2 protein chains.
Amino acid sequence: MARTAGSDGGRTEAAIRDAAVQLIARHGYEAVTMRQLAAEVGVQAAALYRYFPNKEDLLHSLMREHMEELATTWENARPANDDPVARLTSFVANHIRFHVERRHATHVSNMELRSLSRDNLTSILKLRTAYEKELRTILRDGADAGLLEVDDTGLTAMAIIQMITGVIVWFRPDERLSVDEVTATYLAMTMRLTGAKTNAEDRHVRQDAELRAR
Amino acid sequence: MARTAGSDGGRTEAAIRDAAVQLIARHGYEAVTMRQLAAEVGVQAAALYRYFPNKEDLLHSLMREHMEELATTWENARPANDDPVARLTSFVANHIRFHVERRHATHVSNMELRSLSRDNLTSILKLRTAYEKELRTILRDGADAGLLEVDDTGLTAMAIIQMITGVIVWFRPDERLSVDEVTATYLAMTMRLTGAKTNAEDRHVRQDAELRAR
DNA sequence: GAATTAATTAAACGTTCGTTTTATTAATTT
DNA sequence: AAATTAATAAAACGAACGTTTAATTAATTC
């Protein structure tokens with residue numbers, strides 16, 4: 001046999017990407033074989049090489065797609081106003097939603113970096129660094145404006161990212177909590193962690209100052 | 001050739017464990033071959049099978065050792081007094097120190113769980129869950145005593161653990177910050193995140209209350 | 001110092017891996 | 001309807017994998 005009836009390159013490639021993300025997330029890149037992936041797609045292994053030159057390029061392509069989607073999603077979610085606390089809120093909420101909705105792809109992008117060769121690794125890390133810089137900028141702006149208490153911008157950014165990305169480790173939809181509830185709790189923790197002056201607290205701080213001024 | 005001069009079972013096993021942790025942390029369990037590991041130790045691949053029945057049992061043994069050391073270290077570091085804030089401080093400081101000192105073993109224990117078969121996985125998760133429960137207990141005790149502000153004990157425990165374990169992702173000794181400096185910053189973030197009433201803040205809160213009472 | 005045990009090498013086993021080559025059929029274009 | 005291009009199957013490649021078996025030497029015990 002050869003070309004099958006109804007076969008379509010676009011659909012096949014999408015099916016390969018989909019199956020690859022699932023399989024690699026579950027078993028790890030090295031453990032997944034091209035034959036296993038092909039079987040999942042319902043095709044012979046050789047057919048995969050029409051879409052990706054080799055196994056590593058497939059992995060790299062999945063990661064690149066994930067990171068570029070993340071950047072795009074954040075660009076669209078970023079609020080127009082430049083209040084640092086509002087931007088921090090948007091960042092955390094967007095980050096959690098994006099990653100929860102892409103648990104498998106996130107696992108792949110975070111855990112399989114070591115399987116990339118130099119150049120492929122560099123290109124992914126570049127995208128990741130650019131994204132992380134967004135958070136550092138928010139934190140610095142907030143600290144400069146006196147709206148956040150941040151000892152060390154870099155450390156705090158890493159701490160927050162680890163914390164909110166970690167949601168995917170334990171979160172399962174259809175269980176006790178919804179994404180919105182989890183996001184609310186994590187937002188509250190982020191705000192306390194950064195000593196954010198919310199409107200309410202702000203009023204409180206001002207009240208205290210007024211009391212003392214008397 | 002056969003037995004080599006000066007060979008010693010104890011030393012060889014230790015060398016295997018050491019090399020395995022380094023190699024698996026860097027390349028991943030599936031990517032490391034028994035021949036590669038043997039070469040690193042300076043021995044033939046067959047010699048490894050005198051110490052571990054197979055590749056997976058080697059991995060499981062490394063993880064078990066790591067988790068048991070973690071439990072032991074915490075037992076020794078746990079403060080005698082039962083002030084929740086003091087216990088939280090000890091937990092975070094001990095956790096960061098332990099993991100920073102064992103970056104590679106931590107990577108193995110956290111990232112290679114999917115390579116374990118059912119029974120081996122269960123035994124490791126049991127140890128991990130027991131350890132995490134320590135933190136949940138501290139948080140609940142603190143919340144019950146009114147010393148911590150914790151919305152959700154489970155979520156907060158996971159958030160803190162992700163945050164402080166994440167140190168190993170970016171921390172490198174001999175760079176800008178020492179372990180103690182990093183620990184101090186993370187402790188400050190943890191205390192804010194949990195709304196901990198330290199002595200200083202406690203006094204501050206009492207002062208505010210007094211001011212208002214006038 | 002002979003017998004035994006511990007530690008290791010060397011070689012081989014069958015299996016599976018990523019990838020390539022070649023042939024074949026479906027769909028599209030002319 | 002013939003020619004061309006796209007999508008796949010089938011088979012084969014050498015290399016590498018985890019593991020086993022058998023032989024060999026060092027260290028220890030008797």
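Just so we're on the same page: letters track the sequence lines, and every chain starts at 1. Please read all numbers here as calculations on a predicted model, not as lab measurements. Below, all heavy atoms of this structure are taken into account, side chains as well, without hydrogens, waters or symmetry copies.
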Charged N-O contact under 4.0 Å between B:Lys197 and B:Glu149: yes

Give a yes/no verdict on a cation-pi contact between B:Lys55 and B:Tyr49, requiring under 6.0 Å between NZ or CZ and the six-membered ring centre and an angle within 45° of the axis. no

Output the single nucleotide from D:dT8, D:dG18, D:dA10 whose closest atom is nearest the side chain of A:Ala47. D:dT8

Keeping the roles fixed (side chain from A:His99, backbone from A:His95), state whether a donor-acceptor pair exists under 3.5 Å. yes

Quick one: is D:dA16 close enough that its OP1 or OP2 comes under 4.0 Å of any side-chain N or O from B:Thr33? no

Exam field: side chain B:Thr129 to backbone B:Leu125, donor-acceptor pair closer than 3.5 Å: yes

Please work out if A:Val32 contacts a base, only the sugar-phosphate, or nothing of the nucleic acid, heavy-atom cut-off 4.0 Å. sugar-phosphate

How many whole angstroms separate atom NZ of B:Lys55 from atom P of D:dC17? 9 Å

D:dT8 OP1/OP2 closer than 4.0 Å to side-chain N/O of A:Tyr51: yes

C:dT8 P sits how many Å from B:Leu48 CG, rounded? 10 Å

Taking CE from B:Met34 and C1' from D:dA16, how many angstroms apart are they, rounded to a whole number? 15 Å

Can you tell me how far C1' of D:dT25 sits from CD of B:Gln44, to the nearest Å? 15 Å

Taking atom C1' of D:dC17 as reference, at what distance in whole Å does atom CD of A:Glu30 sit? 12 Å

Considering heavy-atom distances to DNA chain D, does A:Arg35 or A:Gly42 have its closest nucleotide positioned more toward the 5' end? A:Gly42

Could you please spell out the steps behind the side chain to side chain donor-acceptor pair (under 3.5 Å) verdict for B:Ser123 and B:His60? CA-CA 9 Å; B:Ser123 80; B:His60 178 242; 2.8 Å; yes

OP1 or OP2 of C:dA7 under 4.0 Å from side-chain N/O of B:Thr12: no

Give the nucleotide from the list D:dT19, D:dA9, C:dT8 with an atom nearest to the side chain of B:Val43. C:dT8

Given atom CG of A:Leu58 and atom P of C:dG18, what is their separation to the nearest angstrom? 11 Å

Spacing of B:Arg50 atom CZ relative to C:dT8 atom P, expressed in whole Å: 8 Å

How long is the line joining CG of A:Leu37 and P of C:dC17, in whole Å? 12 Å

